[in-house]
Amino acid sequence: MKTSRRSLVIVAAVVGVFALSACESDPSPTRVAEDLVKTETADEPEIQECMLAVIKKYDLEQLGSDSAGDNAEKAKAADAELVKFEADLAACR
């Protein structure tokens, strides 16, 4: 389904933007991700449950925070963590 794939991309993009910007304002990146998942998967309870479980496994406050830093080694690790998070969300589909 194109809509399902689109919603996954939206979730991943929003979470990535929040994680990379290290936003500390309310609501938290975790709350935003959970709200988006709940909205976009309202008719897909199994997918919603899976995605919410994935979100709980990650610290979205810190996810990818070193990605834009000057330390190439840390940036590479942060990028890999973001890729893994997105893959874990995609696996819920």
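Everything quoted here is computed from the prediction, not taken from an experiment.
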| request: Can you sort out the partners of D88 under salt bridge (charged side-chain N to carboxylate O under 4.0 Å, His left out), two or more places apart, ordered by chain and number? | output: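 In terms of salt bridge (charged side-chain N to carboxylate O under 4.0 Å, His left out), with neighbours along the sequence ignored, D88 is linked to K84.
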State, with a plain yes or no, whether a side-chain heavy atom of M51 is found less than 4.5 Å away from one of R93.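 Side-chain contact under 4.5 Å: yes.
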- Task: State, with a plain yes or no, whether a side-chain heavy atom of V37 is found less than 4.5 Å away from one of E34.
- Result: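 In short, these two side chains do not touch, never coming nearer than 4.5 Å.
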When rounded to the nearest 0.5 angstrom, what distance separates [atom1] in [X] from [atom2] in [Y]?
{"X": "D35", "Y": "E40", "atom1": "CG", "atom2": "CD", "value": "11.5 Å"}
{"X": "L52", "Y": "L89", "atom1": "CG", "atom2": "CG", "value": "9.5 Å"}
{"X": "E73", "Y": "K76", "atom1": "CD", "atom2": "NZ", "value": "8.5 Å"}

- request: Just grab all the disulfide bond (SG atoms under 2.5 Å apart) pairs involving residues 29-93, residues at least two apart or on different chains.
  value: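 As it turns out, the disulfide bond (SG atoms under 2.5 Å apart) pairs with a partner in residues 29-93, which skip direct neighbours, are C50-C92.
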| said: Tell me whether D43 at atom CG has more than 12 heavy atoms from other residues, nucleotides or ligands lying less than 6.0 Å away. | reply: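 Result for CG/D43: open.
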Checklist entry - Looking only at heavy atoms, what is the nearest atom pair of L60 and L63, with distance? => result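 Looks like CD2-CD2, 3.6 Å.
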- Query: With distance as the sole test, does T41 use its side chain to make a donor-acceptor pair with the main-chain N or O of E44 at under 3.5 Å?
  - Reply: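 Side chain of T41 to backbone of E44, a donor-acceptor pair under 3.5 Å: no, none is there.
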